Amino acid sequence: MKIYKSKIGVGLVLFIALVFGISSYTLVIEKSWGGLLFIALTAAFIAYLFHQTYYTIDGNILKVRSGFLLNQSYEISRITKIRETHNPISAPAASLDRLEISLDNGTYVIISPKEKYGFIDGLVQRNPKINVQLKAKNKG
């Protein structure tokens, strides 16, 4: 079994920090302590999700986990395609440097493993029929 942590994108973190920072500043000026507490709890929850989002290759199963909110399993033999994407759609991914994994039933999952190429290699070793579409393979 191999665990791959989600990549945490600096741009995404900075955007979220900016939004929460501006909101927090406004709430402090207005002395809205309940609102500030809500913002702080929301920020802590997002940080928790970022650190608890990971992907596991366990035998012929890909497991996608994002905190207590998401725990999905996919048969690696059903994966047909992996392609790079920067799609900002809500997904178990803490970065916009993402992979879209397509299955034979037309569904897909978008993830962002930190060790992208090692992750892809792990899947392709178990299912060599996967069509991998990468823009540029730069391991450095």
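Only a predicted model underlies this, so the values are computations on that prediction, with no experimental measurement involved. Here, residue 1 is the first one in the sequence, and each next residue gets the next number.
- Side-chain atoms of Thr53 and Ser6 form no donor-acceptor pair, as typed in the model, at a separation below 3.5 Å.
- Tyr108 and Val132 fall into different hydrophobic clusters, where Ile, Leu, Val, Met, Phe, Trp and Tyr side chains are chained together by heavy-atom contacts under 4.5 Å.
- Considering only heavy atoms from C-beta on, Leu18 stays 4.5 Å or farther from Leu14 through its side chain.
- Residues Thr56 and Lys2 fail the side-chain proximity criterion, which asks for heavy atoms closer than 4.5 Å.
- Glu84 places a side-chain N or O within donor-acceptor distance of the main-chain N or O of Lys135, the cut-off being under 3.5 Å.
- Between Ile76 and Ile57, some side-chain heavy-atom pair lies under the 4.5 Å cut-off.
- A distance of 9.5 Å separates CD1 in Ile79 from OG in Ser102, rounded to the nearest 0.5 Å.
- The CZ atom of Arg126 sits 12.5 Å away from the OG atom of Ser77 when rounded to the nearest 0.5 Å.
- Atom CD1 of Ile61 and atom CD of Gln72 lie 12.0 Å apart (nearest 0.5 Å).
- Put simply, the side chain of Leu123 reaches to within 4.5 Å of the side chain of Ile101, judged on heavy atoms.
- Other members of the hydrophobic cluster containing Tyr54, listed by chain and number, are Ile3; membership follows side-chain contacts under 4.5 Å among ILVMFWY residues, whether direct or relayed.
- Gln133 has its side chain within reach of Lys81: a pair of non-hydrogen atoms, C-beta onward, lies under 4.5 Å apart.
- Residue pairs meeting the salt bridge (Lys or Arg N to Asp or Glu O under 4.0 Å) criterion with at least one partner in residues 46-58, sequence neighbours excluded, are Asp58-Lys63.
- Using modelled atom types, one finds no donor on one side chain facing an acceptor on the other under 3.5 Å when comparing Thr85 with Asn87.
- Using a 4.5 Å cut-off on side-chain heavy atoms (C-beta onward), Ile110 and Leu99 make no contact.
- Here the closest non-hydrogen pair linking Ser95 and Ile8 is CB-C, 4.3 Å.
- The heavy-atom pair separating Arg98 from Ala91 by the smallest distance is NH1-CB, 3.8 Å.
- The list of salt bridge (Lys or Arg N to Asp or Glu O under 4.0 Å) pairs with a residue in residues 16-35, not counting sequence neighbours, is empty.
- Atoms CD1 and CD, from Ile120 and Glu115 in turn, are 12.0 Å apart once rounded to the nearest 0.5 Å.
- Hydrophobic clustering of Ile, Leu, Val, Met, Phe, Trp and Tyr side chains at less than 4.5 Å, counting indirect connections, unites Leu103 with Ile111.
- What you find for Tyr55 and Ser112 is that their closest heavy atoms are OH-N, 3.0 Å.
- With sequence neighbours excluded, no residue satisfies side chain to side chain donor-acceptor pair (under 3.5 Å) with Ser90.
- Between the Thr42 side chain and the Phe38 main chain, a donor and an acceptor come within less than 3.5 Å of each other.
- No donor-acceptor pair closer than 3.5 Å links the side chain of Asn131 to the backbone N or O of Ile82.
- Put simply, CD1 on Ile29 and OG on Ser24 are 11.5 Å apart, with the number rounded to the nearest 0.5 Å.
- Between the Arg78 side chain and the Tyr74 main chain, no donor and acceptor come within less than 3.5 Å of each other.
- With sequence neighbours left out, the ring pair (Phe, Tyr, Trp, His ring centres under 6.0 Å) criterion links Phe119 to Tyr4.
- Residue Leu49 is found in a hydrophobic cluster whose other members, listed by chain and number, are Phe45, Tyr48, Phe68, Leu69; membership requires side-chain heavy atoms under 4.5 Å apart, directly or through intermediates.
- For NZ of Lys5, the number of neighbouring non-hydrogen atoms (other residues, nucleotides, ligands) closer than 6.0 Å is greater than 12.
- Put simply, Val109 and Val124 are part of the same group of oily side chains (I, L, V, M, F, W, Y) that touch within less than 4.5 Å, one to the next.
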